[in-house]
Structure formats: C-alpha cells, structure tokens
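Please read the structure below before turning to the comments.
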Number of protein chains: 2
Amino acid sequence: MADYRALTLEVMDLVGDKWTLLVVYVLGEGPLRFSDLRRRTAPISQKMLTQTLRQLERHGMVTRTVLPTAPPQVEYALADLGRSFLAAASVVCAWTRDNIDALEAARTRSDAAAGEKG
Amino acid sequence: MADYRALTLEVMDLVGDKWTLLVVYVLGEGPLRFSDLRRRTAPISQKMLTQTLRQLERHGMVTRTVLPTAPPQVEYALADLGRSFLAAASVVCAWTRDNIDALEAARTRSDAAAGEKG
DNA sequence: CCGCATCCACGATGATACTG
DNA sequence: CAGTATCATCGTGGATGCGG
C-alpha cells in the first residue's frame with residue numbers, strides 16, 4: 001500500500017460528500033423508497049439526496065428501481081459493491097463510536113486552551 | 001450501532017476535509033517536519049496543510065513539537081489516537097484498492113450510458 | 001523554516017418553486 | 001411521489017504577502 005495519494009483521493013471521491021456515508025448506512029438496513037429514505041436521513045435536502053444517490057449509483061454501490069405503480073415509486077437498494085463497502089466503512093464508524101469520548105475530550109481541552117489566550 | 005446520524009456526521013467531521021486522510025497516512029510512516037510533510041502531500045497548499053494539522057491536533061490525533069533549533073522546526077507525529085484511527089481507516093483504503101477496478105468500470109459504464117442520450 | 005492573514009474563486013450545500 | 005431548475009449562501013481551497 002504505497003500510493004497513498006491516489007488511494008486516499010479515490011476514497012474522498014467515494015465518500016467525500018457530506019451525506020454519502022449516512023445514506024449508505026441507512027440503505028444497509030434494507031431497500032427504501034425516496035421519501036422514506038429522505039425521512040431517515042433528515043435533515044438532508046431533496047436535492048442533496050438525489051445528488052448523493054446519483055453518485056452512489058454511478059459508482060455501482062446502489063441500484064435504482066422504478067416500480068410500475070401510480071403514482072410512481074422508486075426504490076433504492078445497496079448493490080453487492082455497496083454492501084461490501086459498508087462492511088469496510090463500519091470499521092471506521094465503530095472506531096469513532098468507541099473513541100467518541102476521547103475525541104470529545106481532546107476537542108474540549110483544545111478549545112479551552114485556545115480560549116484562554118483570547 | 002443504531003444512531004447512524006450522529007456517528008456518520010462525527011466521522012465526516014473527522015475526515016471530511018479533502019486532505020485529512022492523506023496527511024494521516026503519510027504521518028503513519030513516521031514523524032515529519034512541516035516542509036517534508038508538505039512535499040509528501042503535494043499538491044496541498046500551505047494553508048490547507050496547516051488547517052488540516054490544526055484539526056487533527058484538536059482531535060488529539062496528531063502531536064505538534066517545536067524543536068529548539070534555529071531556524072525553528074516543527075515536528076508532527078501521530079498520537080496514539082491517530083495510530084488507532086489509521087488502523088481503522090486502512091480497512092477502507094484497502095477495500096478501495098481491492099475494488100478500484102469495479103468502481104472504475106461502474107463509472108465508465110454509467111458515464112457512457114449517460115452520454116448516449118445526449 | 002513555520003505559519004498566519006488577507007483576498008478571491010469556485011464548488012458544495014441548501015431553500016424554494018416547478019414539472020411529470 | 002420523484003425529480004429538476006433556479007437562486008442564494010457558505011465553506012473550502014488556493015495565491016500572495018507578511019511576521020516570528
């Protein structure tokens with residue numbers, strides 16, 4: 001694993017958007033229609049959800065299925081690639097959950113130190 | 001792991017910046033002075049490197065040591081928390097490396113399909 | 001050498017209105 | 001319900017010059 005540059009930039013291209021990770025996580029629980037997905041990812045805007053889904057679809061992480069109903073419904077689901085990715089991303093989320101106290105403590109300490117010399 | 005919202009947003013707060021992941025990776029190889037670090041993370045700007053390092057320092061992931069030399073030198077190194085995080089982040093990078101072909105294929109296919117209806 | 005301050009360009013994000 | 005279009009806004013990131 002030598003070429004950090006290309007690799008980390010690729011990672012940022014995948015999940016650099018603000019909501020991508022959250023959307024992948026929510027879809028990990030099962031397929032959802034657009035509206036339901038939006039409720040679960042609130043307060044995301046309609047536009048950003050669409051945009052995020054398009055990106056995920058483009059990368060083959062998510063599938064989009066238009067149901068032949070009236071009014072039309074569109075179902076989004078994780079593709080195999082997406083599920084595989086979710087497993088990897090879960091490691092980072094688990095790490096964050098396990099270290100959230102240390103992170104907050106560091107932040108508080110750092111912010112307090114910065115405030116003193118104000 | 002139910003509270004995706006807070007967790008994923010926290011993750012984005014940690015590594016949402018464009019260069020954070022790369023900086024952490026490079027520092028994973030060993031402590032570096034500012035200039036060396038910048039060379040290794042090119043084409044990052046001075047400003048963004050400083051900003052990224054401040055954030056990492058604030059979260060307790062990186063330590064900053066001013067060496068008593070003339071001219072002054074500043075050495076940055078991963079703290080324990082940072083090393084621990086790097087291990088988790090490596091999983092995502094490894095996944096990306098292993099699936100880079102599938103990702104690029106999906107992108108190419110998707111872009112081609114989009115181009116046809118132009 | 002380190003890195004802060006300022007100005008500036010651009011993209012990402014978001015609110016709103018509108019279409020199928 | 002799903003999605004597009006438009007406009008306003010904010011943060012990110014870059015260029016440059018100055019100070020320790």
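Convention: sequence-line order gives letters A, B, ...; per-chain numbering from 1. Quantities reported herein were computed from a predicted structural model and do not represent experimental measurements.
For dG13(D), its base never sits under 3.5 Å from the side chain of Lys18(B) at any donor and acceptor pair.
Taking every heavy atom of both residues into account, Thr63(A) and Ala79(A) meet most closely at CG2-CB, 3.8 Å.
The interatomic distance linking Gln46(A) (CD) with dC7(D) (P) rounds to 18 Å, in whole Å. Whole-Å rounding puts the Asp13(A) CG to dG11(C) P distance at 15 Å. Per the geometry, CD1 belonging to Ile44(B) stands 15 Å off C1' belonging to dA15(D), to the nearest Å. Regarding Arg39(B), its CZ atom lies at a distance of 7 Å from the P atom of dC1(C), rounded to whole Å.
When distances run from any side-chain atom of Ser45(A) to the nucleotides dG14(D), dA17(C), dG14(C), the shortest one goes to dG14(C). The side chain of Met48(A) approaches dG14(C) more closely than any other nucleotide in the set dG13(D), dA2(D), dG14(C). Closest to the side chain of Lys47(A), from the set dG3(C), dA15(C), dG13(D), is dA15(C).
Arg64(B) comes within contact range of the sugar-phosphate backbone alone, with a heavy-atom separation under 4.0 Å but no base atom that close. No contact: Gln51(B) has no heavy atom under 4.0 Å from any strand.
Taking 4.0 angstrom as the limit, Ser35(A) places a side-chain polar atom (N or O) nearer than this to OP1 or OP2 of dA2(D). Distances shown here put a side-chain N or O of Trp19(A) below 4.0 Å from the OP1 or OP2 atom of dG14(C). Residue Arg54(B) places at least one side-chain N or O under 4.0 Å from the OP1 or OP2 atom of dC4(C). Tyr76(A) has a side-chain polar atom (N or O) that falls below the 4.0 Å cut-off from OP1 or OP2 of dG3(D). Contact annotation: Arg33(B) side-chain N/O to dC1(C) OP1/OP2 distance is not under 4.0 Å.
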message = Could you go through Arg97(B) and Asp3(A), starting from their C-alpha distance and side-chain angles, then the distance that decides it, and tell me whether this counts as salt bridge (charged side-chain N to carboxylate O under 4.0 Å, His left out)?
response = CA-CA 10 Å; Arg97(B) 183 198 53 200; Asp3(A) 195 357; over 6 Å; no
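Ion pairing of Glu57(A) with Arg107(B) is absent here, as no side-chain N (NZ or NE/NH1/NH2) approaches a carboxylate O to less than 4.0 Å. Under 4.0 Å is where a charged nitrogen must lie from a carboxylate oxygen, and between Arg64(A) and Glu75(A) no such pair does.
Side-chain N/O atoms of Thr41(A) and Tyr4(B) include no donor and acceptor closer than 3.5 Å.
Position along DNA chain C of the nearest nucleotide to Pro71(A) versus Asp17(A) favours Asp17(A) as the more 5'-ward residue.
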